[in-house]
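Have a look at the structure below before the remarks.
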Amino acid sequence: MLSKIENIIRDIQLASVGKTDDKLAEIEQFRIKYLGKKGIISELFEQFKSLPADQKKETGQALNRLKNIAQSRIEEFKQYVENDVKSEHTVDLTLPTDYSEVGSRHVLSVVMNEIIEIFSRIGFTVAESVEIEDDWHLFSALNFPHDHPARDMQDTFFVEKEEGKQEVALRTHTSSVQVRVMENNKPPIRIIAPGRVFRNEAISARAHCIFHQVEALYVDKKVSFADLKQTLLYFAKEMFGEDTKIRLRPSYFPFTEPSAEMDISCNICGGNGCNICKGTGWLEILGCGMVDPNVLESCGIDSKEYSGFALGMGVERMAMLKYQIRDLRLYFENDLRFLRQFDSIV
């Protein structure tokens, strides 16, 4: 009987679970087989009763050892199953990283970088400055009259506005960068000023309190409106395609004289008229003009010796025209369904 017990112990130690999907059912079958009322160990205890007295001590110890091993093996199986269930919800840090979900640049960053790249090909360099500006760099040096609407609280986020003190505000345009460059550099100057600007406007599909601009400035001797027009034509063709046409309409800006609004032929209908261009065949994209002599003088540049042109455009507007986006709010909502449409253009 002792040899039989040793064989059963060896079988128990070699037993395993996982042969089927239901491991708990396998454990229960194992328990019934060895520890059930009609199991193998119960039958051995029945046989133990009929053994001679001189064999009962050693056999009884072997039976108790067999029973303890069977019970321990069941506990091991249960612990194994419990750990296996937990591992299904645990990240294995030894596995290779999945790089299928990668980030990409925001569509506004893509368009802004494209504008910068176009101007860099013709000698413009990037200039940047602070987003909180004083009145001088934001308005006064740019020839804004003291009663100009842009100085009103309805259009500007003022940080400090006290009687007798210079006003400080979130910049409403990147023209303030142009002022700082002209104050600290002698002509020739050829820069673009990309950046974020702020205006106190109600948020809608066509307006937002935060947006982005890229402005350009060129100051040198004998700079003419013809230079401005040729620069604008080059930019339009590079940005929207070789067949793009431009037109300039008279306008007004405090810091340029003469001033103009620039339209491009609608790249959706080819200038034939559609709902995007409202049937006109033209789309307005930027404002421009020759730098007002008062602005040059305010920045310490002799307006009799030097002249220049400036232009400015909204990056959101460019992206709307280039990719037919109808709602400005989409740029700021970080909806992945919207952003992932532009993964391929990065």
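These numbers come from the heavy atoms of this one structure, side chains and all, not from hydrogens, waters or symmetry mates. These numbers were taken from a predicted model, which means no experiment stands behind them. One-based numbering along the sequence shown.
When each of R171, E128, H137, E133 is paired with V177, the side chain to side chain contact (heavy atoms under 4.5 Å, CB included) condition holds for R171 and for no other.
No donor-acceptor pair under 3.5 Å is formed between the side chain of T156 and the backbone N or O of F158. Not a single donor-acceptor pair under 3.5 Å links the side chain of H146 to the backbone N or O of S140. Checked by atom type and distance alone, the side chain of K322 pairs as donor or acceptor with a backbone atom of M239 at under 3.5 Å. Counting only distance, with no hydrogens or angles, the side chain of R190 and the backbone of D220 share no donor-acceptor pair below 3.5 Å. Checking side-chain atoms of E297 against main-chain N and O of S303 turns up a donor-acceptor pair under 3.5 Å. A donor-acceptor contact shorter than 3.5 Å is absent between the side chain of S72 and the backbone of I69. Side chain of S307 to backbone of S224: no donor-acceptor contact under 3.5 angstrom is found.
Looking at heavy atoms from C-beta onward, H173 lies in side-chain contact with L138 at the 4.5 angstrom threshold. Between F253 and L142 the shortest side-chain heavy-atom distance does not fall below 4.5 Å. Residues V197 and T172 fail the side-chain proximity criterion, which asks for heavy atoms closer than 4.5 Å. Side-chain atoms of P194 and I115, non-hydrogen and from C-beta on, never get closer than 4.5 Å to each other. You'll find the side chain of R105 stays beyond 4.5 Å of the side chain of F342, heavy atoms only. Contact of the F119 side chain with the E238 side chain is not registered, since no non-hydrogen atoms from C-beta on lie closer than 4.5 Å. Considering only heavy atoms from C-beta on, S298 stays 4.5 Å or farther from N143 through its side chain. Here the side chains of K4 and L44 are in contact, with some heavy-atom distance below 4.5 Å.
Between F309 and F225, a ring centre-to-centre spacing not shorter than 6.0 Å is recorded.
The neighbour count for I132 CD1, taken as heavy atoms of other residues, nucleotides or ligands under 6.0 Å away, does not exceed 12. Residue K245 places its NZ atom among 12 or fewer non-hydrogen atoms of other residues, nucleotides or ligands, all under 6.0 Å distant. Annotation: R121, atom CZ; neighbour count of heavy atoms from other residues, nucleotides and ligands within 6.0 Å is above 12. The environment of N68 atom CG is dense: over 12 non-hydrogen atoms of other residues, nucleotides or ligands sit within 6.0 angstrom. Atom CD of E131 has more than 12 heavy atoms from other residues, nucleotides or ligands within 6.0 Å. Atom NZ of K33 has 12 or fewer neighbouring heavy atoms from other residues, nucleotides or ligands inside a 6.0 Å radius.
Using a 4.0 Å cut-off between a side-chain N of Lys or Arg and a carboxylate O of Asp or Glu, R65 and E6 qualify as a salt bridge. The pair K221-E305 meets the salt-bridge criterion, since a charged nitrogen lies less than 4.0 angstrom from a carboxylate oxygen. Between E183 and R180, none of the side-chain N atoms (NZ, or NE/NH1/NH2) sits under 4.0 Å from a carboxylate O, so this pair counts as no salt bridge.
A tilted orientation is assigned to the rings of H106 and Y331, their planes being inclined by 30° to 60°. Taking the six-membered ring for Trp and thresholds of 30 and 60 degrees, H212 and F332 have nearly parallel ring planes, at less than 30 degrees apart.
In this structure, the separation between OG on S175 and CG on L217 is 9.5 Å, given to the nearest 0.5 Å.
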- Message: R249 vs E284, test: salt bridge (Lys or Arg N to Asp or Glu O under 4.0 Å). Steps then yes/no.
- Response: CA-CA 10 Å; R249 294 177 289 103; E284 178 189 328; 3.6 Å; yes

